[in-house]
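One structure is given here, and the rest of the page talks about it.
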Amino acid sequence: MRRKIMAGNWKMNKNIVEAADLASKLKNSLSDVKDKEIVVCPTSICLQSVSNALADSLIGVGAQNLHWEESGAFTGEISAPMIKSAGCTYVIIGHSERRQYFGETDETVSKKLKAALKHHLVPIVCVGETLDEREKNQAFAVIEKQVKGALSSIEEKDLKTLVIAYEPVWAIGTGKTATPEQAQEVHAFIRTLLPKSIANETRILYGGSVKPDNAKILMEKPDIDGALVGGAALKVEDFEKIVKY
Ligand code: 13P
């Protein structure tokens, strides 16, 4: 049985005070949820205040990115040990917005994944095709390249905590969700790309316009093991409904 992960990616939203406030409201409204893993991913500057606000709750905190080195001359970056010291246990890697706007490649994703695993952060590795790629029937090839690229040079035994998020780029922030059938098809395909020893245990999350009214039909699909929620994760009532779908 794969325990569902319901994660909120807050992206570049909320200042320190607002983020702590959202976290404490979520702590109250989600205190009765015991059957799922809940994670929130605020901006790096808010990690500590959100971790503090969520102390003594079952909600985990994740960063939205990391650098693969532990320290050094990398202006503007944060490392896995720093993320851990701010109370985090998860980290998002290779989000499509990072690939699109900040030059992330399968190679940097792989280095970041290695660093996260080394420091025992649960990595949430994002993959997904653009609309153009889907229309050209390249979705599966793109996803295969992204998954294999991320896992390349990482030993199978180190991948036990790996989490993958399938986020079709055309569904992010657009209100267009992949149909449960489209998502299930890709999730099942991603599972075939994973090493056999971890394939059945690896959680594969869906992301892209997950809302209170579509969460249930998506989460009921056999290979969808949770959600990575953007916009709707910023509203207490919506995220609560999604988590409790
Ligand atoms: P939306 O839920 O706003 O479409 O964002 C999805 C996402 O990118 C989560 O990482």
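All ligand and atom numbering here is 1-based and tracks the order in the structure.
Within the 4.0 Å heavy-atom cutoff, Gly173 counts among the residues contacting ligand 1.
Closest non-hydrogen pair, Val61 versus Pro42, comes out as CG1-CD, 4.0 Å. Counting all heavy atoms, side chain and backbone alike, Pro180 lies closest to Lys221 at CB-CE, 3.5 Å. Of all heavy-atom pairs between Tyr166 and Ile143, the closest is CE1-CD1, 3.6 Å.
Not a single N or O atom of Thr174, backbone or side chain, sits closer than 3.5 Å to an N or O atom of ligand 1. Where the criterion is an N or O separation shorter than 3.5 Å, residue side chain and backbone included, Gly230 meets it with respect to ligand 1.
Near Leu228, the atoms of ligand 1 lying under 4.0 angstrom from a non-hydrogen atom of the residue are 9 (C), 10 (O). The atoms of ligand 1 that sit less than 4.0 Å from any heavy atom of Ser209 are 1 (P), 2 (O), 4 (O). Taking a cut-off of under 4.0 Å to the non-hydrogen atoms of Gly208, the atoms of ligand 1 that pass are 4 (O), 6 (C). Against a heavy-atom cut-off of under 4.0 Å, Ala171 is close to the following atoms of ligand 1: 4 (O).
Ranking protein heavy atoms by distance to atom 3 (O) of ligand 1, first place goes to Gly231 N, 2.9 Å. The shortest contact between atom 5 (O) of ligand 1 and any protein heavy atom is with Lys11 NZ, 3.3 Å. If you check which protein heavy atom lies closest to atom 9 (C) of ligand 1, you get Glu167 OE2, 2.9 Å.
Note that the CD atom of Glu240 and the CG atom of Asp32 stand 7.5 Å from one another [nearest 0.5 Å]. In this structure, CG in Leu205 is found 7.5 Å from NE2 in His187, a value given to the nearest 0.5 Å. Atom CG of Leu218 is separated from atom OH of Tyr245 by 10.5 Å, given to the nearest 0.5 angstrom. Taking CE of Met6 as the reference point, atom CZ of Phe239 lies at 7.0 Å (rounded to 0.5 Å).
Look at Asp106 and Lys145 and you find a salt bridge, because one of the NZ, NE, NH1 or NH2 atoms lies within 4.0 Å of a carboxylate O, short of that distance.
Residue contacts with ligand 1, taken as heavy atom pairs separated by less than 4.0 Å, do not involve Ala165 at all. Under 4.0 Å from ligand 1, heavy atoms of Ile172 appear from its side chain as well as its backbone.
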